[in-house]
Amino acid sequence: MSPEPEKKKETFDPERRKFLVTIGSTVIALGIGYALGYLTKPAEVIEKYTTVTETVTKTVTAPITPTPTPTIPGLSNVAARAVLGAKELVEKGIVPKGATLRILHVAGSKAQLEKAIELWNKYVPEIKVELVTMGTEPDVYTKAMSEAVTKTGAYDIITIFSTWLGDLVEAGLAKDITEYFTKYDPEYVGPCAPIEPLGSYTTLYKGRRYALTLDSDVFTLTYRKDLLNDPRYKEEFRASYGYELKVPDTWEQVIDIAEFFTEKRLTSPRGGRVWGAYFYAEPAFAAYISWTNIFLEAGGILFDLNTMDPKVDSPEGRYAFDILLKLKPYMPPEAISAAWADLYDKYIHGESVLTAAWPSLTKMAISSPDSVVKEVTGTALMPGVELEIGGVKTLIRASPNPVNWVGIVSNYGKYPEASYLFLQFMTAPDTGLEVILAGVILDLFRECWFTDPEYKAKSIEGYGREFVEAYLESIKISYPDFIIRGGPEYASKLTTAVNAVLAGTLDPETALSNVASDWDSITKKYGVDAQLEAWRALAQLFPEDIKKAWRAKGYMR
Amino acid sequence: MPERPPRSIKILATLPLNILLNGVLIVPFAIMIYLAFVKWSPLMGINWWEAPFIAISNFQRALSDSRFISALSRTALFVSVVVPLEFILGLVVAYILQSEFIGKKYLVALLIYPLMLPPVVVATVFYLFFQPYGPVNNIFLYYIMGKRALDIYWFLDPTLALVTIIIADVWQWTPFMFLILYSGLSAVPKRLVEAAEVLGASKWRIFWTIRLPLIKPLILIALVLRSLEALKVFDYVYVMTGGGPGTATESISLYIYRLAILYQDISYAAAVSIIVLLIIMIISRVAIYFFIEKR
């Protein structure tokens with residue numbers, strides 16, 4: 001090695017090193033500074049949020065008269081108020097002309113939201129609306145929770161399951177829209193209001209309004225009219241069971257009918273076996289629906305209204321399992337193992353006699369090219385449980401309303417008022433029905449869509465007359481999902497237990513005890529008092545018949 | 001000889017990559033460790049750095065969480081079944097394909113085809129295969145058992161459900177073992193094999209005493225890599241059984257996913273992840289020590 005390079009190194013290295021160290025330190029300092037800046041930013045957001053909350057509280061305590069509505073030809077008052085409100089925001093410069101609202105939603109609702117945007121663009125071209133589409137429902141939940149943590153303001157509106165409302169409110173993402181609700185009046189009372197109790201329980205949380213309902217997901221009993229009305233079967237059934245074969249009123253009757261038709265060993269047109277019944281018992285998410293339905297109709301209450309103790313490990317809980325286990329031999333085994341959509345597949349191919357699902361089942365049964373039950377699908381109220389209340393035998397009937405899409409306004413979006421107005425516009429009596437009839441995910445929820453002759457004719461076109469008539473009554477007896485913080489977790493633990501019992505891997509007593517213990521842990525995780533407040537508010541929104549049973553059993557005052 | 005660049009230049013040159021790696025790997029990992037010692041969920045309505053410190057409570061909770069222990073044991077069982085199965089099948093196929101025949105190139109390409117499929121696609125296909133009227137019951141088993149085959153409900157029985165997941169995994173990942181072992185066996189010097197043959201050694205003896213010892217390092221790498229991958233099994237369980245019936249086929253990855261995503265129990269999920277990570281690290285270290293370093 002020659003000595004020259006060594007010398008060179010000695011001469012130049014210290015200075016270059018100094019230069020490099022300075023540059024490096026500057027870059028690192030900038031990085032640390034940026035990180036610190038980023039970390040401290042959300043704290044400012046919280047401060048702002050607190051101020052807004054205080055303002056809202058003051059506003060709603062004073063009576064506010066709804067904005068007078070000049071008419072817009074071809075639009076209902078609800079939609080007109082939304083349009084005029086949005087235009088005013090642009091005129092006042094609160095929302096710049098050409099601003100874009102972004103909606104996070106699930107792919108299945110794309111057609112319906114596109115219809116809503118198409119209608120909105122006709123009247124409010126100044127504010128654009130863009131869809132951010134997610135593949136599946138859990139994707140929407142994950143994105144929404146990420147947004148709650150990162151607070152990027154990437155979405156202005158999010159369409160969510162009502163089940164998630166408690167989570168998203170508590171996480172700070174769902175904006176309290178009570179003020180806008182009062183100011184622009186989306187008509188939640190009156191002849192065209194969303195049907196109660198659904199209109200309230202899907203949109204209120206701890207007494208405040210956080211969402212507008214976009215949908216109804218109420219279960220109905222769907223049955224094969226041709227089989228239940230067949231004179232031959234009627235005669236045989238009477239001879240075997242001692243009463244008339246008809247649409248079942250109780251779960252006990254469901255068991256008899258399911259047994260009767262399963263034992264007949266009928267074959268469907270595609271060669272599969274026809275089963276007497278198919279109610280959800282699958283492991284991914286739906287098993288809790290069937291169990292909770294029977295449990296509530298039997299007078300069970302999910303949590304104690306004074307202590308928030310889980311009340312599932314109770315006679316009503318065991319009764320619900322008893323019914324489901326009696327039904328199990330008459331249901332296809334896939335009811336326990338397959339995904340939820342299997343119920344749809346089996347029914348439209350004529351492989352189940354009695355079943356229960358979302359309104360889309362009827363839509364599919366009467367309109368799918370694959371359906372073999374187009375002309376023979378009947379719809380009725382869910383079966384009930386007979387209870388003795390005040391010495392009188394009373395049939396308690398209730399319908400699950402699992403998931404139910406609602407729209408929330410993000411606390412971190414740039415234009416919350418305009419976002420609210422879009423939601424009001426797309427759920428108005430006239431535009432709302434057009435949106436619903438444009439796809440399959442969102443379903444009927446306003447009363448006039450069932451009663452007003454003009455609207456009703458359109459509804460019947462989409463769903464069939466018999467369904468529309470039975471569905472109105474079903475919504476009136478519908479009950480909410482677990483719309484409290486941790487709702488998806490409570491439901492998931494129950495689903496796992498119900499599925500395990502029906503699969504035979506767990507006995508009902510152990511399952512109920514496990515669920516009670518798991519639920520208790522969830523409650524404690526979020527704090528008993530906070531959960532109790534939410535549960536008490538929600539319990540008040542359950543249908544009257546269920547509350548009557550709770551009062552009779554001393555669960556509610 | 002060219003002059004070596006000074007250390008500072010090296011540091012500056014790698015700075016962007018270091019910042020990126022630190023940002024992408026180290027910072028999130030550090031946050032995960034932090035979260036494991038606090039009580040935090042987005043549903044609490046507070047920022048993660050404001051969460052209360054609870055020391056090792058999350059870890060204590062995990063040790064008394066029967067669902068966590070079951071998921072972990074089940075995953076261990078899964079790994080201990082699929083990895084040896086895939087290894088043996090891969091080795092047999094790799095050995096058979098050492099001989100030359102027409103179309104061998106195409107056959108090798110075909111054999112590694114499952115590796116190119118996303119696991120979620122494989123899971124969906126196998127889910128359909130194992131339906132009561134799917135090809136497994138209706139074609140394969142029908143010839144053996146007749147109509148009784150149609151009464152087999154694979155996803156209703158905890159053991160059978162686990163078997164379906166194992167079959168799907170073995171189908172997709174045996175080619176991985178095959179690929180490594182095939183390349184190893186192909187690289188064994190022919191002269192050694194030929195010399196043994198001249199001396200009258202049987203094929204079995206040649207395989208056992210010459211070929212296998214020579215590819216031992218490759219075998220160990222294949223086993224370690226595959227075991228680590230199998231421990232993370234998620235797609236097949238999620239798609240084929242959803243962890244059911246009940247939680248009978250729930251893997252540790254699916255359980256952590258549910259904790260973090262469905263239940264939003266982030267800090268507990270972080271603690272559970274760290275426990276799993278530690279277990280994997282210890283097992284890998286022990287395996288590397290015994291099978292590689294010690295020899």
Side-chain angles (χ1 to χ4, degrees), chain A residues 1 5 8-9 13 16-17 19-21 23-24 27-28 31 35 39 42-43 46 138 141-142 145-146 148-149 166-173 271-272 282-285 332-334 336-339 485-486 488-489 492-493 496-506 511 522 525-527, chain B residues 1-4 6-9 11-12 15-16 19 22-23 27 39 41-50 61 65-67 127 130-133 150-158 161 238-250 257-266 268:
Chain A
M1 195 179 273
K8 233 180 178 177
K9 199 177 170 185
D13 229 6
R16 186 161 54 192
R17 185 172 296 137
F19 168 74
L20 290 172
V21 166
I23 291 286
V27 169
I28 291 166
L39 289 175
I46 288 173
Y141 182 69
T142 311
M145 290 311 301
S146 303
V149 176
D167 286 4
L168 295 171
V169 170
E170 299 288 357
L173 183 65
E282 59 89 60
F285 93 104
E334 289 93 330
I336 302 164
S337 62
R485 179 163 43 177
E489 191 175 358
S492 168
K493 301 278 185 184
T496 302
V498 172
N499 177 257
V501 169
L502 287 177
T505 59
L506 209 60
I522 302 168
K525 184 166 68 182
Y526 298 119
Chain B
M1 198 171 170
E3 185 190 349
R4 286 167 65 95
R7 196 163 169 266
S8 49
I9 284 286
I11 291 172
L12 193 65
L15 195 65
I19 290 173
N22 278 290
V27 173
K39 184 186 174 185
S41 158
L43 311 190
M44 290 166 70
I46 54 170
N47 294 309
W48 58 268
W49 55 89
E50 297 164 346
R61 183 179 155 198
D65 180 353
S66 58
R67 194 164 159 184
Y127 172 73
F130 285 102
Q131 290 304 307
Y133 283 84
L150 301 177
D151 292 331
I152 299 173
Y153 291 94
W154 290 86
F155 300 113
L156 263 190
D157 180 87
Y238 184 79
V239 173
M240 292 170 72
T241 66
T247 53
T249 57
E250 194 172 61
Y257 162 80
R258 283 184 169 147
L259 285 174
I261 305 296
L262 183 61
Y263 308 158
Q264 291 293 316
D265 205 344
I266 306 289
Y268 181 53

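In the text below, chain A, chain B and the rest are named by the order of the sequence lines, each starting its count at 1. This structure is a prediction, so every number in the text was calculated from the model and none was measured.
By the 4.5 Å heavy-atom criterion applied to side chains, B:Phe130 and A:Ser337 are not counted as neighbours. Residues B:Leu43 and A:Met145 have side chains in contact (heavy-atom distance under 4.5 Å, counting atoms from C-beta outward).
Of the listed residues (A:Ala338, A:Ala503, A:Pro333, A:Pro283), the greatest number of heavy-atom pairs within a distance under 4.5 Å of chain B belongs to A:Pro333. Contacts with chain B were tallied for A:Ser492, A:Ala284, A:Ala148, A:Pro488; A:Ser492 has the most, counting heavy-atom pairs under 4.5 Å. For the options B:Pro245, B:Ala248, B:Gly242, B:Gly23, heavy-atom pairs under 4.5 Å to chain A are most numerous at B:Pro245.
With a threshold of 4.5 angstrom between heavy atoms, A:Ala511 does not approach chain B through any atom at all. Of the atoms belonging to B:Tyr127, it is side-chain heavy atoms, and not backbone ones, that fall under 4.5 Å from chain A. At a 4.5 Å heavy-atom cutoff, the contact between B:Pro42 and chain A is made by backbone and side-chain atoms alike. For a residue to count as touching a neighbouring chain, one of its non-hydrogen atoms must lie under 4.5 Å from one of that chain's; by this rule B:Gln131 touches chain A with the side chain only. Contacts between B:Thr241 and chain A at a heavy-atom distance below 4.5 Å involve the backbone alone (N, CA, C, O). At a 4.5 Å heavy-atom cutoff, the contact between B:Tyr153 and chain A is made by side-chain atoms alone.
Closest approach of A:Asn499 and B:Gly244 over heavy atoms only: OD1-CA, 4.5 Å. Between B:Tyr263 and A:Lys525 the shortest heavy-atom distance is O-NZ, 4.3 Å.
A:Ile522 CD1 to B:Ser41 OG: the interatomic distance, rounded to the nearest 0.5 Å, is 11.5 Å. Here OG1 of A:Thr496 is found 7.0 Å from CD of B:Glu250. Values are rounded to the nearest 0.5 Å. Note: B:Phe155 CZ to A:Glu282 CD = 13.5 Å, rounded to the nearest 0.5 Å. Interatomic distance, A:Thr142 OG1 to B:Ile261 CD1, rounded to the nearest 0.5 Å: 5.0 Å.
Around the OH atom of B:Tyr238, the shell of radius 6.0 Å holds no more than 12 heavy atoms that belong to other residues, nucleotides or ligands.
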